[in-house]
Amino acid sequence: MSIPRSEYPRPQFVRDAWVNLNGEWDFEIDYTMSGEEKKFFERDSLNQKIIVPFCPESELSGIGNCDFMPCVWYRRNFDVPKQYEGKDVILHFGAVDYRAVIYINGQKAGEHTGGYTSFSFNITEFLKDDGNYVTVCAYDDTRSLNQATGKQSDRIESFGCFYTRTTGIWQTVWLEFADKRRVNSIRITADIDTPSVTVGVKIPSEALGSTVRIEALWDGEAVGCVSTALYSLYTELNILLSEKHLWEIGKGGLYDLDITLEDNGTICDSVKSYFGLRSVALDGMKFKVNNEVVFGRWVLDQGFYPDGIYTAPTDEALKNDILYSMQLGFNGARMHEKVFEPRYIYWADKLGYMVWGEHANWELDITEMSSIEHFLPEWLEVMDRDMSHPSIIGWCPLNETWDFAGRKQYDEVVRIIYRVTKAVDPTRPVIDTSGNFHVESDIFDVHDYEQNPKTFASHYEKLTEGIMEDTVYSNPTMRARQSYNGTDPTFVSEYGGIRWSPDKEEGWGYGDTPKSEQEFIERYKGLTEALLNNPYMLGFCYTQLYDVEQEVNGLMTYDRKFKFDPEIIRKINEQPAAIETEECE
C-alpha cells in the first residue's frame, strides 16, 4: 500500500533522516471517554482501521463517521531503522484536533492542546530494541466554547457556513532522527535594503559550544555565508547577500539556506531551508510590497476538500488551489478560519501568492478574560511555525468576534491578542478582528455582502471625507461600537458571496441567485469594480474560491471545477486599481 501524503511535511526545515508514519493505523471511537481507565494505551490492537492523516469523518480515512466523537484512539507499530540507531528519535504530528495524549510502548510521552498546530516529542527514552508502538488519544469537544474550531459545525449536520467536523489526526505523522547536538528551529527575517537575511538559531543545551555555519544560495550558487560558535540557546546571525533577487507577486523567487552544525570537526546536524527577500508595509492608505504599491486581490479560501475534509488528498491539490486562484486573477488569499498546513504555505512561497495568516477562532467564547488561555498559546505556536514564510503578508488572529449569548466580546482580550501579535512580529500589518468590533488594528476592514453594485459602491464614496456609510455595519450594535475615522487603511475583507448553483435548488449563499450566468458576471463585475476604482481601498477579498458542502457561493464547485470561464473573472480582477495609479494621502 502506498503511503498517503508521502511528501516531506516541513519544507522550510528539512532533514534527510525521517520516516513517514502515514497509512493504516488501528482506530477506535471512545464515546464514554473511558479509554484511559480501560488502558487502551496498552492494547495490542483497536477495533477499526483508519488511514492517517485523514480525519475519521472523511471518506479517505475509511471511517466516514460524521457524528460527534468526544474521544478517539489510534495505534500503530513502528521500528527505528538500523542506520539511525544512536540518534534521538523525535515523533512529529502536523496537527491533532483537539487535545492529544501520546503514549510510546504504553508509557505517556507527552500531551498537546490545540487542534491546528504542529508539535513533537523526543521519544528516545521510551523505545525498545524492537516491537515499538505509538498510541494516540485525542479529545475533541466542538460545543465547549473553550476551543477554537473554525467552521466546524456544532450540530450533527452541516448548515449555513458551518461544515463537517474534523476530529483527531489530520496532518502527517512522522519520525525524525537527529543528534543530541542539533538545531531545534530557526526564524528568518529578510532585509531588502541591505540586502541581507537574519537567521535566528535555537539549539538545545547539548549543542552549546558547537559551531553553526549558514550559507545562502541563489540558483545553486553561494551568495553569502556566516559562521560562529554558539554560546546561547538562541542566536541571531546576519548574512550579507552579494546578489539581490526580490520575492515577487505571481513569480516567487526563493533563496536556499544550508545550515550545518559542527562540534570539534564533526558534522552533528545538517538542515536545508529557504527564504524570500521581500518587505511589506502600510504607507498611509496604501499597502506596499518591496516598497511598491500593491492592490490586494485576495479570495477567501476555507481549506476544505470533499474527500479529505480538512486534509488535502494530495500535495498537488494544495498547489492547484493556488494555481486556480491565480488563473482567476487573484494574487492571494485569506486562509480563512483555519490554520493551513505548511505545505500549502510552501506553495504560496514558491508561486508568489500573498496570504493572510489567521486562526480558527469561531466557537471560542471571548466574553471573559479567561478565554485568553484557550487562544493565545496556540496562536503563538501558529506564529512561531509560520512567520519565516515570505508569502504571509499579514496576521489576522480573529474573525467576526460576535457577542455570545447576550454578552459583549471582552475588548481587552482582543487588544491583548493584537498587541502580543505585534510584539512577536513587528514586520507585518495586523488586523485585530476581521469584519467587526475593531479594538486596536493596523487596518480598518469590514465585511459587506450588499448585492446591488450601485448601493455597494455608495457605502465607500465618502471615504475621502472620513465617512463610511452606516449601512456597512450589519446591526445597530456594530454601528454603536465602531466607526471609521477616515485615516486608517481600508479593506473590504469579505464581499460578494453570490449564490450560484444551477444544478441545485437548495444551497446557502448571499443575496438572490442571479437569473443567468450573464447576470452573475455583471453583478460580480459591478461589486469588484466598486472596490478597484476607489482610491482609498487597499484591497478586496471575494467570498469565495470554491463551494464548501452546502455553501454554493464559490467561483468553483467543491470538486474544483470552474463555474464560469476563468478568463472573464481574471480580466475583471486584474483591472488597474485606483490606489495603484492615483495619489492619495
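The shown structure was predicted, so the numbers you read here are calculated from the model rather than taken from an experiment. Count residues from 1 along the sequence.
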- Message: Tell me whether the count of non-hydrogen atoms from other residues, nucleotides or ligands lying under 6.0 Å of CG in Asp129 goes above 12.
- Response: no
- Ignoring hydrogens and angles, tell me if any N or O in the side chain of Gln550 forms a donor-acceptor pair with the backbone of Gly507 under 3.5 Å. no
- Message: Checking the side chain of Arg428 only, and the main-chain atoms of Ile392 only, is there a donor and an acceptor separated by less than 3.5 Å?
- Response: yes
- Nearest non-hydrogen partners of Pro397 and Ile431, listed with the distance: CD-O, 3.2 Å
- Residue of the set Asp411, Asp445, Thr401 for which side chain to side chain donor-acceptor pair (under 3.5 Å) holds with His438: Asp445
- Message: Less than 3.5 Å apart, any donor N or O on the side chain of Thr142 or Thr149 sitting next to an acceptor on the other?
- Response: no
- Query: Could Asp269 and Arg181 be called an ion pair, given the rule that one side-chain N must be under 4.0 Å from one carboxylate O?
  - Reply: no
- Item | Pairwise distance CG(Asp301) to OG1(Thr543) - rounded to 0.5 angstrom | 11.5 Å
- Give the intermediate values and the outcome of side-chain hydrogen bond (donor to acceptor under 3.5 Å, both in side chains) for residues Glu57 and Asn65. CA-CA 5 Å; Glu57 290 88 349; Asn65 184 342; over 6 Å; no
- Query: Is the closest side-chain donor-acceptor distance between His374 and Gln147 under 3.5 Å?
  - Reply: no
- Message: Heavy-atom count check: over 12 atoms from other residues, nucleotides or ligands less than 6.0 Å from Leu380 CG?
- Response: yes
- Task: To the nearest 0.5 angstrom, please state how far the OH atom of Tyr346 sits from the OG atom of Ser391.
- Result: 12.0 Å
- Under the 6.0 Å and 45° cation-pi test, does Lys338 pair with Phe340? yes
- Charged N to carboxylate O below 4.0 Å: is that the case for Glu337 and Lys151? no
- Message: With a 3.5 Å distance limit and no angle check, can you tell me whether Thr421 reaches the backbone of Ile417 through a side-chain donor-acceptor pair?
- Response: yes
- Message: For Glu85, is there an ion pair with Lys87 - N to carboxylate O distance below 4.0 angstrom?
- Response: no
- Would the number of heavy atoms belonging to other residues, nucleotides or ligands and lying under 6.0 Å from CD of Gln48 be above 12? yes
- Query: How far does CG of Asn399 sit from CG of Asp432, to the nearest 0.5 angstrom?
  - Reply: 11.5 Å
- Message: Within this structure, what is the CD-CG distance for the pair Gln12 and Leu257, rounded to the nearest 0.5 Å?
- Response: 8.5 Å
- Hey, do the aromatic rings of His112 and Phe93 have their centres closer than 6.0 Å? no
- Taking the six-membered ring of Phe13 as reference, does the NZ or CZ atom of Arg10 fall below 6.0 Å from its centre and within a 45° cone about the axis? no
- Message: Between Ser118 and His92, does the side-chain hydrogen bond (donor to acceptor under 3.5 Å, both in side chains) criterion hold? Intermediate values first, please.
- Response: CA-CA 7 Å; Ser118 305; His92 291 270; over 6 Å; no
- Message: So, taking the atom named CZ in Phe40 and the one named CG in Asp30, what distance separates them when rounded to the nearest 0.5 Å?
- Response: 5.0 Å
- Query: Does NZ or CZ of Arg560 fall inside the cone over Tyr324's six-membered ring, less than 6.0 Å from its centre and within 45° of the axis?
  - Reply: no
- Message: Looking at Asp88 and Arg182, is any side-chain nitrogen of the basic one under 4.0 Å from a carboxylate oxygen of the acidic one?
- Response: yes
- Should the pair Asp16-Lys272 be classified as a salt bridge under the 4.0 Å nitrogen-to-oxygen rule? no
- Task: To the nearest 0.5 angstrom, please state how far the OH atom of Tyr410 sits from the OG atom of Ser370.
- Result: 10.5 Å
- Query: For the side chain of Arg143 and the backbone of Asp154, is there at least one donor-acceptor N/O pair under 3.5 Å apart?
  - Reply: yes
- Distance flag, aromatic centroids of Trp362 and Phe162, threshold under 6.0 Å: yes
- Check the angle between the aromatic planes of Tyr163 and Phe304 and answer parallel, tilted or perpendicular using the 30° and 60° thresholds. perpendicular
- Query: If you take all heavy atoms of Trp73 and Gly35, which pair is closest and at what distance?
  - Reply: CZ2-C, 3.5 Å
- Would the Trp356 and Trp298 ring centres measure less than 6.0 Å apart? yes
- Note on the structure: Of all heavy-atom pairs linking Phe54 and Ser61, the shortest is O-CB, 3.4 Å
- Message: Check this for me, if you would: do Glu28 and Lys38 make a salt bridge, where the nitrogen-to-carboxylate-oxygen distance has to be below 4.0 angstrom?
- Response: no
- Message: With a 3.5 Å distance limit and no angle check, can you tell me whether Arg499 reaches the backbone of Trp508 through a side-chain donor-acceptor pair?
- Response: no
- Are Phe78 and Tyr133 an aromatic pair by the rule of ring centers under 6.0 Å? no
- Message: If we count only N and O atoms by modelled type, under 3.5 Å, do the side chains of Asn22 and Thr172 hold a donor and an acceptor together?
- Response: yes
- Message: Taking the cut-offs as 6.0 angstrom to the six-membered ring centre and 45 degrees off its axis, would you call Arg415 and Tyr418 a cation-pi pair?
- Response: no
- Counting only heavy atoms not in Lys422, do more than 12 sit closer than 6.0 Å to its NZ atom? yes
- Using 30° and 60° as the class limits, which term best fits the ring planes of Tyr353 and Tyr344: parallel, tilted or perpendicular? perpendicular
- Message: So for atom CD, which belongs to Glu37, do other residues, nucleotides or ligands contribute more than 12 heavy atoms lying within a distance under 6.0 Å?
- Response: no
- Before giving the answer on side-chain hydrogen bond (donor to acceptor under 3.5 Å, both in side chains), spell out for Asp97 and Gln152 the whole-Å C-alpha distance, their side-chain angles and the decisive distance to 0.1 Å. CA-CA 11 Å; Asp97 197 358; Gln152 300 180 59; 3.1 Å; yes
- Message: Go through it in stages, so that I can follow the logic: the residues are Tyr139 and Tyr98, the test is ring-ring contact (aromatic ring centres under 6.0 Å, His included), and I'd like the CA-CA distance, side-chain angles, deciding distance and then a yes or no.
- Response: CA-CA 6 Å; Tyr139 296 93; Tyr98 172 70; over 10 Å; no
- Residues Asp26 and Lys49 bridged, charged N to O under 4.0 Å: yes
- Message: Using only atom types and a distance under 3.5 Å, with no angle test, would you say the side chain of Asn105 pairs donor to acceptor with the backbone of Phe126?
- Response: yes
- Query: How are the rings of Trp379 and Trp395 set relative to one another: parallel (under 30°), tilted (30 to 60°) or perpendicular (over 60°)?
  - Reply: perpendicular
- Query: Taking atom types as modelled and ignoring hydrogens, do the side chains of Glu549 and Thr164 form a donor-acceptor contact shorter than 3.5 angstrom?
  - Reply: yes
- Item | Electrostatic pair Arg334-Glu494, nearest N-O below 4.0 angstrom | yes
- Query: Regarding Arg343 and the six-membered ring of Tyr8, is the cationic atom NZ or CZ under 6.0 Å from the ring centre and inside 45° of its axis?
  - Reply: no
- Just by modelled atom types, is the Tyr116 backbone N or O under 3.5 Å from a matching donor or acceptor in the Glu378 side chain? yes
- Task: Test side-chain hydrogen bond (donor to acceptor under 3.5 Å, both in side chains) on Tyr305 and Asp321 and set out the steps.
- Result: CA-CA 11 Å; Tyr305 301 86; Asp321 279 351; 3.1 Å; yes
- Inspect the contact between Glu111 and Arg99 and indicate whether a charged nitrogen and a carboxylate oxygen are less than 4.0 angstrom apart. yes
